[in-house]
Visitor: 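Shown below is the structure under consideration.
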Amino acid sequence: MPSPVLRRYHDEFGGLDGFFMPLAMATWDLLFAAQEAAGISGGLFEIGVFKGKSAVLGAMYMKPGEPCYFLDLHETPGAKAAVEKVRPANNYFLKMNSANALSDPALAAARGALRWVHIDGEHTGYATRTDLHAAATLLGDGGLICVDDFFSFKYPQLTAAVYSFLFEHPMEFRMVFAAANKCYICRAGWAAHYDAYIRENAVSHLSVSENKWTLTRTSYLHDFGCFTVIARNKERDVVGLDRDMDKIVF
């Protein structure tokens, strides 16, 4: 079931311009619920704000004492106004290149303290790689890095940068979910928590989305496998290993 936050978002901000899929919104709702269940706290950082469609939803999950940082190359007055409707204070809007993000005093103070970093900026491989390393610096215990346009055929270099980052940090980070054009990465010590929460709650939680989909898990975390969502597969809710497709058994 969707949280009150997501229901309010759809009621008040569903008409915002942007490229944020309903299934992606439901996925954020699921993963923020996973953080709530574990008592994970910390602020939010978004690279690439545009009109604020995802910025507003992320901000709505943050508690008043948790700072929100929104970075874009351009002025984003519409996004700022929308965010301030739900969070009048503790918001920082930064007009700068994300390559320089850690030089900003406000963000520098947030090192190791954020629970959600959304990367949706320049989609070159070089920029994505830089943004991921900044995200790793800022991410707190139990936090998630969300990367937009993962596995988009328009941006193959972005997916290459994600895997380059994971290959460089095999003991530190794991991808735990991929759905609706986005992937989700956490510190390795938290992979089991997110994996279990997704296993137990994703099918019911994501049913709010209008998309017809199937939850999949075709290999293990140590094999770079993770839970994913694909187009509906033979009316199955879940698909596991190829040898046992009707259920997820690991």
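Worth knowing before you read on, the calculation uses all heavy atoms, side chains too, and leaves out hydrogens, waters and symmetry mates.
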Visitor: In Å, rounded to the nearest 0.5 Å, how long is the span from CG of L30 to CD1 of I198?
Guide: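 L30 CG to I198 CD1: 6.0 Å, rounded to 0.5 Å.
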Visitor: Could you go through R217 and D195, starting from their C-alpha distance and side-chain angles, then the distance that decides it, and tell me whether this counts as salt bridge (charged side-chain N to carboxylate O under 4.0 Å, His left out)?
Guide: CA-CA 10 Å; R217 176 73 182 279; D195 195 72; 2.7 Å; yes
Visitor: Is it true that D237 and R232 have a side-chain N and a carboxylate O under 4.0 angstrom from each other?
Guide: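 Yes.
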Visitor: Can you tell me how far apart CD (E235) and NZ (K212) are? Round to the nearest 0.5 Å.
Guide: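 So the gap between those two atoms works out to 7.0 Å.
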Visitor: Do you know the tightest heavy-atom contact between V49 and A55?
Guide: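 So the two residues come closest at CG1-CB, 4.2 Å.
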Visitor: Quick one: pull up CG in L71 and CG in D104 and give me the separation to the nearest 0.5 Å.
Guide: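 Result: 8.0 Å between the selected atoms.
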Visitor: With salt bridge (charged side-chain N to carboxylate O under 4.0 Å, His left out) as the criterion, how do R87 and E66 come out once you've worked through the C-alpha distance, each side chain's angles and the decisive distance to 0.1 Å?
Guide: CA-CA 10 Å; R87 273 180 60 97; E66 296 175 318; 5.9 Å; no
Visitor: Does any non-hydrogen side-chain atom of D29 lie less than 4.5 Å from one of Y9?
Guide: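 Answer no - side chains too far apart.
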Visitor: Which heavy-atom pair separates S54 from E46 by the least distance, and what is that distance?
Guide: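 So the two residues come closest at OG-OE2, 2.6 Å.
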Visitor: Measure the spacing between CG of D17 and NZ of K51 and express it to the nearest 0.5 Å.
Guide: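 One finds 4.5 Å between CG of D17 and NZ of K51.
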Visitor: Verify, without hydrogens or angle tests, whether T76 (side chain) and A79 (backbone) share a donor-acceptor contact under 3.5 angstrom.
Guide: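 No, T76 side chain to A79 backbone: no donor-acceptor pair under 3.5 Å.
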Visitor: Given side chains that start at C-beta, do those of M175 and Y163 come closer than 4.5 Å, heavy atoms only?
Guide: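 Yes, side chains in contact.
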Visitor: Less than 4.5 Å apart, any side-chain heavy atom of L57 and any of M25?
Guide: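 They are in side-chain contact.
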Visitor: Under 6.0 Å between the ring centres of W28 and F20?
Guide: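 Yes: the rings meet the under 6.0 Å criterion.
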Visitor: Determine whether L44 and I47 fall in the same hydrophobic cluster, where Ile, Leu, Val, Met, Phe, Trp and Tyr are linked whenever their side-chain heavy atoms lie under 4.5 Å apart.
Guide: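 Per the 4.5 Å side-chain linkage, L44 and I47 are not co-clustered.
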Visitor: Side chains of I119 and L132: does their closest heavy-atom pair fall under 4.5 Å?
Guide: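 I119 reaches L132 side chain to side chain.
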Visitor: Any chance the rings of F70 and Y92 have centres within less than 6.0 Å?
Guide: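 No: the rings miss the under 6.0 Å criterion.
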Visitor: Contact between F151 and N181 at the side-chain level, heavy atoms closer than 4.5 Å - yes or no?
Guide: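 The answer is no; the side chains never approach within 4.5 Å.
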Visitor: Any salt bridge linking E36 with K63? Criterion: basic side-chain nitrogen under 4.0 Å from a carboxylate oxygen.
Guide: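 K63 and E36: salt-bridged.
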Visitor: Give me the atom names and distance for the closest heavy-atom approach of P64 to N90.
Guide: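 What the structure gives for the nearest pair is O-ND2, 3.1 Å.
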Visitor: Heavy atoms, side chains only, cut-off 4.5 Å: are H123 and D148 in contact?
Guide: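 They are in contact (side-chain heavy atoms under 4.5 Å apart), so the answer is yes.
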Visitor: Does V162 share a hydrophobic cluster with W190, counting links as ILVMFWY side-chain heavy atoms below 4.5 Å and allowing steps through other members?
Guide: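 Different clusters: V162 never reaches W190 through Ile, Leu, Val, Met, Phe, Trp or Tyr contacts under 4.5 Å.
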Visitor: Taking S103 for its side chain and N100 for its backbone only, find out whether a donor-acceptor pair lies under 3.5 Å.
Guide: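 Answer holds: yes.
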Visitor: Transitively linked via ILVMFWY side-chain contacts under 4.5 Å: I145 with F167?
Guide: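 Same cluster.
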Visitor: Which heavy atom in A82 sits nearest to a heavy atom in L16, and how many Å separate them?
Guide: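 In terms of heavy atoms, the two residues are closest at CB-CD1, 4.5 Å.
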Visitor: Would you tell me whether H118 and K182 have side-chain atoms, one donor and one acceptor, within less than 3.5 Å of each other?
Guide: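 Present: a donor and an acceptor within the cut-off.
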Visitor: Given the side-chain rings of F150 and F177, with only the six-membered ring counted for Trp, is the space between their centroids under 6.0 Å?
Guide: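 No; F177 has its ring centre 6.0 Å or more from that of F150.
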Visitor: Report yes or no: do V147 and M21 belong to one cluster of Ile/Leu/Val/Met/Phe/Trp/Tyr joined by side chain heavy-atom distances under 4.5 Å?
Guide: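 Per the 4.5 Å side-chain linkage, V147 and M21 are not co-clustered.
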Visitor: Going through the checks in order, is the side-chain contact (heavy atoms from CB on, under 4.5 Å) test met by K53 and F13?
Guide: CA-CA 8 Å; K53 197 171 183 71; F13 300 100; over 6 Å; no
Visitor: Using side-chain contact (heavy atoms from CB on, under 4.5 Å), reason through L138 and Y69 one step at a time and then give a plain yes or no.
Guide: CA-CA 11 Å; L138 294 165; Y69 305 90; over 6 Å; no
Visitor: Is there a continuous path of hydrophobic side-chain contacts, each under 4.5 Å between heavy atoms, that joins F45 to I40?
Guide: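 As far as the 4.5 Å side-chain criterion goes, I40 and F45 are not connected within one cluster.
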Visitor: Regarding Q157 and Y126, is there a side-chain donor-to-acceptor distance under 3.5 Å anywhere?
Guide: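 Distance-only check fails for Q157 and Y126.
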Visitor: CD1 of I185 to CG of L144: how many Å apart, nearest 0.5 Å?
Guide: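 CG of L144 is found 9.5 Å from CD1 of I185.
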Visitor: Given side chains that start at C-beta, do those of F173 and E168 come closer than 4.5 Å, heavy atoms only?
Guide: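 No, every pair of side-chain atoms sits at 4.5 Å or beyond.
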Visitor: Got a second to check how far R115's CZ is from C186's SG, nearest 0.5 Å?
Guide: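 Result: 15.0 Å between the selected atoms.
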Visitor: Do W213 and N233 have side-chain N/O donor and acceptor atoms under 3.5 Å apart?
Guide: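 No - no donor-acceptor pair under 3.5 Å links their side chains.
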Visitor: Quick one, D149 and T159 - any side-chain contact, counting heavy atoms below 4.5 Å?
Guide: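 Sidechains of T159 and D149: no contact.
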Visitor: Donor-acceptor pair, distance only, cut-off 3.5 Å: does the side chain of R187 make one with the backbone of L139?
Guide: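 Pair found, side chain donor or acceptor close to backbone of L139.
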Visitor: For F165 together with H133, are the ring centres under 6.0 Å from each other?
Guide: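 Yes, the ring of H133 comes within the 6.0 Å limit of the ring of F165, centre to centre.
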Visitor: Given the rule in the side-chain contact (heavy atoms from CB on, under 4.5 Å) test, do V176 and H193 qualify, once you have shown the distances and angles that lead to the verdict?
Guide: CA-CA 10 Å; V176 289; H193 166 71; over 6 Å; no
Visitor: Can you see which heavy atom on N201 is nearest to which on S204, and at what distance?
Guide: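 Of all heavy-atom pairs spanning N201 and S204, the closest is O-OG, 3.2 Å.
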Visitor: Would you mind writing out the side-chain donor-acceptor pairs for residues 221-230 within the sub-3.5 Å range, not counting sequence neighbours?
Guide:
from	atom 1	to	atom 2	distance (Å)
D223	OD2	S219	OG	2.6
T228	OG1	T216	OG1	2.1

Visitor: Is there a side-chain contact (heavy atoms from CB on, under 4.5 Å) between L107 and L94? Walk through the geometry before answering.
Guide: CA-CA 10 Å; L107 268 178; L94 312 173; 3.7 Å; yes
Visitor: Are W116 and Y61, when compared by the centres of their aromatic rings, separated by less than 6.0 Å?
Guide: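 Aromatic pair excluded; centres sit 6.0 Å or further apart.
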Visitor: For residues M62 and G43, report the shortest heavy-atom separation together with the two atoms involved.
Guide: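 Looks like SD-C, 3.9 Å.
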Visitor: Is there a donor-acceptor pair under 3.5 Å between the side chain of T124 and the backbone N or O of A127?
Guide: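 Yes.
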